Protein chains: 2
Amino acid sequence: MRADARKNYDQLLAVARAVVTEEGADASLRDIARRAGVGLGTLYRHFPTREALLEALLRTSFDELAAKAAELETSGSAGDSLVSWLRDFVASAENYRGVIASMVAAISDPESALHASCVAMRAAGARLLTRAQTEGAARADIDGTDLYALAGALAWVGDQPALAPRADHLFDVIASAILTNPATTR
Amino acid sequence: MRADARKNYDQLLAVARAVVTEEGADASLRDIARRAGVGLGTLYRHFPTREALLEALLRTSFDELAAKAAELETSGSAGDSLVSWLRDFVASAENYRGVIASMVAAISDPESALHASCVAMRAAGARLLTRAQTEGAARADIDGTDLYALAGALAWVGDQPALAPRADHLFDVIASAILTNPATTR
DNA sequence: ACCTGAACACCGTTCAAGT
DNA sequence: ACCTGAACACCGTTCAAGT
């Protein structure tokens, strides 16, 4: 990449991080280009879709979550590992308001710039879930997509100002549902 | 209301029902006015905010849910009544894509045209929850807002094309979490 | 009373023209 | 190679002018 292009890319990403933090995932792209002091076409050149921009913003979080999952897969209690990773996943999705809808949609859209990362996140969660299920620490009747959906639902709750105060408590409620095997508690 | 105004109101509502069913709660108001064969100002005269239009669309559902709650409050098992109403609530919120976010936001916004109805829905759910809790059929550590949040989360899951196939199953997972008292199953 | 639609200030996206 | 910004087709919202 040419030096001036690199500079524009970095500047766009930094500004986008600030603006998306403030306005959410549906922030105005025009506004981002404007605040970055760059033509609108330049933004589109570097990030051809909104998903591409979000992917760049979330890159670090995705990598951290993948590393965290790798650690947890062989450490401590299977149930605790699963819940701990789920907590990190939800917290990271809540970093940018409204981003969870794109992350969920990306699962079934191979064209989305977020597709690969989101499929990888689902797989990482699924591995932790399977281990917990094998040990009898998690209910057996859910799969990786269910886990991803529950994580998404929790992130959505955290995104709603009227519900955010309950987000932590509801995390515990749902975590307990995941960790409870209904067949054995009846 | 003058006869011509009445006609416009009814026509707008009918068209809005069709368009919002098709496009979701963020459908273009301009498009609705256009398809209704009415000036844009006329739409704003009858429905000064998007929430006012949604409220009119949801009026019937709200009334039905209130009636259903009243019935269920004195019938059958407290746990079954709670879950049955919750199912109806979620199904009704899923009738119009994207409407659940407005319904949740309305809870903490007294200016919203949806405020009164949504507060009433939360109260109806809370009554069914309290009865179930009193009988020991529902976990004691959640309140009406938690229930409303869980219902919202389930409706959100149903709204996401990538997750909708799991919505029914996740309803059961969360319903079982509500009906399980963690203090007694440990 | 009620209706209309132009006007204004915004979008996302594309692409010809510039360097 | 890369950048710019006008152009196009849309929004939501308001309000002067009409009936």
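Since we're looking at a predicted model, the values are computed, not measured. Chain naming here is simple, since letters A, B, ... match the order of the sequence lines and numbering starts at 1 in each.
Which of dC3(D), dC3(C), dG12(D) sits closest to the side chain of L29(B) comes down to dG12(D). Nearest to the side-chain atoms of D31(B) among the listed nucleotides dA1(C), dC11(D), dG12(C) stands dC11(D). Closest to the side chain of Y44(A), from the set dT13(C), dG12(D), dC3(D), is dT13(C). For H46(B), counting side-chain heavy atoms from C-beta on, the closest listed nucleotide (dG12(D), dT4(D), dC3(C)) is dC3(C).
Distance Y9(A) OH to dA1(D) C1': 17 Å, rounded to the nearest Å. Rounded to a whole Å, the CD atom of Q11(B) is 17 Å from the C1' atom of dC2(C). Distance E51(B) CD to dG12(D) C1': 13 Å, rounded to the nearest Å. Taking atom CG on L43(B) and atom C1' on dG5(C), their separation rounds to 14 Å, with Å as the unit. The CZ atom of R50(A) sits 8 Å away from the C1' atom of dG12(C) (whole-angstrom rounding). In this entry the distance linking CD1 of I32(B) with C1' of dC10(D) reads 15 Å, nearest Å.
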| message | Let's go through S117(A) and R59(A) carefully: what are the C-alpha distance in whole Å and the side-chain angles of both, what is the deciding distance for side-chain contact (heavy atoms from CB on, under 4.5 Å) to 0.1 Å, and is it a yes or a no? | response | CA-CA 8 Å; S117(A) 299; R59(A) 185 73 273 150; 3.5 Å; yes

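Remark: dG18(C) base-pairs with dC2(D). Criterion, Watson-Crick or G-U wobble with two distances under 3.5 Å. Pair assignment for dA7(D): dT13(C), on the basis of Watson-Crick or G-U wobble contacts that are both within less than 3.5 Å.
With contacts defined as side-chain heavy-atom distances shorter than 4.5 Å, the pair W85(A)/M121(A) qualifies. The shortest distance between side-chain heavy atoms of Y96(B) and R17(B) falls below 4.5 Å.
For R30(B) against dG12(D), a side-chain-to-base donor-acceptor contact under 3.5 Å is present.
Remark on DNA chain D: of its neighbouring residues A5(A) and A27(B), the 5'-side contact belongs to A5(A), judged by nearest-heavy-atom nucleotide. Comparing R2(A) and M1(B) by the nucleotide of DNA chain C whose heavy atom lies nearest to each, the residue mapping closer to the 5' end is M1(B).
A33(B) comes within 4.0 angstrom of no nucleic acid atom, judged by non-hydrogen atoms across all strands. Residue L40(B) is in base contact, counting any heavy-atom pair closer than 4.0 Å across all strands shown. Heavy atoms of S28(A) sit under 4.0 angstrom from primed sugar atoms or phosphate atoms, though from no base atom. Looking at heavy-atom distances under 4.0 Å, R45(B) makes contact with a base. R34(A) comes within 4.0 angstrom of the backbone, heavy atoms only, and of no base.
How far CD1 of I32(B) is from CG of L12(B): 8.0 Å, rounded to the nearest 0.5 Å. Here CG of L129(A) is found 12.5 Å from CZ of R122(A). Values are rounded to the nearest 0.5 Å.
Counting only N and O atoms by type, the side chains of R139(A) and S176(B) include a donor and acceptor under 3.5 Å apart.
A sub-4.0 Å separation between OP1 or OP2 of dC3(D) and a side-chain N or O of N8(A) is present.
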